[in-house]
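Written out below as structure tokens is the structure these notes cover.
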Amino acid sequence: MTEAPRILIVGGGYVGLNTALRLQRKLRRGEARIAVLDIDSYMTYQPFLPEAAAGNIEPRHVVVSLRRALDRCAIVNGMVTGVDPVSRTVALRPQLGPARVMEYDILVYAPGSISRLLPIPGLAECGIGFKSLEEAIHLRNHVLGQLDLAESTSDPEIRDRALTFVFVGGGYAGVEALAELEDMARYACRYYRTIDRGDMHWVLVEATGRILPEVGPEMGLWTLQELRARGIDARLETLMKSAEGGHIVLSDGTEFDSDTLVWTAGVKPNPLNQSSGLPLDERGRIRATAELVVEDHGGVFTAGDCAAVPDLTKPGEMCAPNAQNAVRQARTLADNVVAVLRGRPLKAYRHAYVGSVAGLGFGKGVAQIYGRKLHGLPAWVMHRAYHLARVPTFDKKVRVLTDWTLSFPFRREVVSLGALSRPREEFERAARSGPR
């Protein structure tokens, strides 16, 4: 009896999860064996990270359990350390125990991207990204903890440093993270007797001359004016030169101290690309055809942030590395995997641009949908409706909608749980005190 073909999916993010979900629906029982390889056992819906950081959505509702959603797939947790397309194997290192080598007949390669850091003094030591749920929840607890510190100290320098929040990068991640956290902190100020909104200093640093280029120049300018009207210090055509010891130095000559530095200035393909044995372009992305097949490597598919996929709507250009493309590419990729198994022709991925939406805090947003430009409350509603429709699984849709519904009659929670990042601290303190 011939064994069913083995499909390995490297990465459990947008592409990995959505490809596996579609394969589960389209493949017949026993037609193929599917395994998803990822360091985590869940997929994070990143567009909801700002709302999770602001406390509008329960953190667990931002992630989708791979094992629960992919009940017909094997989930293997570990770090993928290499791909050998010649021997058709993938090397994986679990958290504990010996390394594994897994064979495949069809490979879906989608490890995604990581933050792109620049060689700025102090950045690696003082900064934090905004790509994971852990980072988002840490920032929520950190910002509220800084308010607690500012309320409790009698030192004006410590207070000013605690109430200064710096975000570098004016794309989606930076603008939405800053706007949602500022909105949360503004609300929280009512519970602090000595802190007013004007005491906080929120700084957005962007190297180019505009923010949110995805929503177009007009809506980007409106967003900039909206942020500045809220007292946010948005600086365009400005670089961060140094952040050593929390001392921020900008290219315009400004210097100040801050204990909060959020880096969202771009991403780069996963470093695994370099050891994948697959062809790369000049930016380190996997070279793919319009059918999402890796060039010169039949049986290996790729998509998402790690891949250079031709944009058939703009000859000579590549598809933008965003969530909208990743989700849609996953559908075409899954269909082409099924086509390979059944001996059918492959389809090319053609991207039809829908638009862009961004949330800027409770009741505030900006959007450009099918050429129509919206801002304020209508854009905020559109932002929520769009992402509610896109978040995977019906279960998560209901839970997120419930979170939003409950946020209307009840006040927002503004409790800092900073100790979550140091769970053993209390136990260690007790151990140091010795026996009675």
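Each residue takes its place number in the sequence, starting with 1. Quick note: numbers below take in every heavy atom, side chains included, and nothing from hydrogens, waters or symmetry partners.
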Report the residues that fulfil side chain to side chain donor-acceptor pair (under 3.5 Å) with [X], sequence neighbours left out, ordered by chain and then residue number.
{"X": "Asn18", "result": "none"}
{"X": "His297", "result": "none"}
{"X": "Ser41", "result": "none"}

Handout entry: Sequence neighbours excluded - salt bridge (charged side-chain N to carboxylate O under 4.0 Å, His left out) pairs with any residue from residues 357-369
Key = Asp183-Lys364
Distance-only check: which donor-acceptor pairs under 3.5 Å involve side-chain atoms of residues 28-35, not counting sequence neighbours?
unit_1, atom_1, unit_2, atom_2, d
Glu31, OE1, Arg28, N, 2.9
Glu31, OE1, Arg342, NH2, 2.9
Glu31, OE2, Arg342, NE, 2.8
Arg33, NE, Ala4, O, 3.2
Arg33, NH2, Glu3, OE1, 3.3
Arg33, NH2, Ala4, O, 3.1

Exercise for the section: Give the minimum heavy-atom separation between His383 and Gly359, together with the two atoms involved. Expected result: CD2-N, 3.4 Å
Problem - Over all atoms of both residues, closest heavy-atom pair of Leu133 and Leu49 - result: CA-CD2, 3.7 Å
Problem - Asn273 vs Tyr109, side chain to side chain donor-acceptor pair (under 3.5 Å): CA-CA, chis, key distance, verdict - result: CA-CA 9 Å; Asn273 284 13; Tyr109 181 85; 2.7 Å; yes
How about [atom1] on [X], more than 12 heavy atoms from neighbouring residues, nucleotides or ligands closer than 6.0 Å, or not?
{"X": "Arg67", "atom1": "CZ", "answer": "yes"}
{"X": "Arg230", "atom1": "CZ", "answer": "yes"}
{"X": "Arg197", "atom1": "CZ", "answer": "yes"}
{"X": "Arg72", "atom1": "CZ", "answer": "yes"}

Donor-acceptor pairs under 3.5 angstrom involving side-chain atoms of residues 287-294: please list them, not counting sequence neighbours.
unit_1, atom_1, unit_2, atom_2, d
Arg287, NE, Glu295, OE1, 3.2
Thr289, OG1, Glu291, N, 3.2
Thr289, OG1, Glu291, OE1, 3.2
Thr289, OG1, Val293, N, 3.3
Thr289, OG1, Val293, O, 3.4

Exercise for the section: Could I get the full list of salt bridge (Lys or Arg N to Asp or Glu O under 4.0 Å) partners for Arg344, not counting sequence neighbours? Expected result: none
Would the distance check show the side chain of [X] and the main-chain N or O of [Y] forming a donor-acceptor pair, the cut-off being under 3.5 Å?
{"X": "Asp281", "Y": "Gly284", "value": "yes"}
{"X": "Lys397", "Y": "Val391", "value": "yes"}
{"X": "Gln329", "Y": "Gly304", "value": "yes"}

Once ring pair (Phe, Tyr, Trp, His ring centres under 6.0 Å) is applied, do any residues pair with [X], and if so which ones, sequence neighbours excluded?
{"X": "Phe130", "result": "none"}
{"X": "His375", "result": "Trp222"}
{"X": "Phe408", "result": "Phe362"}
{"X": "Tyr104", "result": "none"}

Would you call [X]-[Y] a salt bridge at under 4.0 Å N-O?
{"X": "Asp395", "Y": "Arg399", "value": "yes"}
{"X": "Arg88", "Y": "Asp105", "value": "no"}
{"X": "Glu135", "Y": "Lys131", "value": "no"}
{"X": "Arg235", "Y": "Glu206", "value": "no"}

Practice task
Kindly write out the residues that satisfy side-chain contact (heavy atoms from CB on, under 4.5 Å) with Ala162, not counting sequence neighbours, or none if the list is empty.
Solution key: Gln146, Leu149, Ala150
Exercise for the section: Output the distance between atom CG (Leu181) and atom CE (Met200), rounded to the nearest 0.5 Å. Expected result: 10.5 Å
Practice task
Decide whether a cation-pi geometry holds between Arg384 and Tyr386; the criteria are a distance under 6.0 Å from NZ or CZ to the six-membered ring centre and an angle within 45° of the ring axis.
Solution key: no
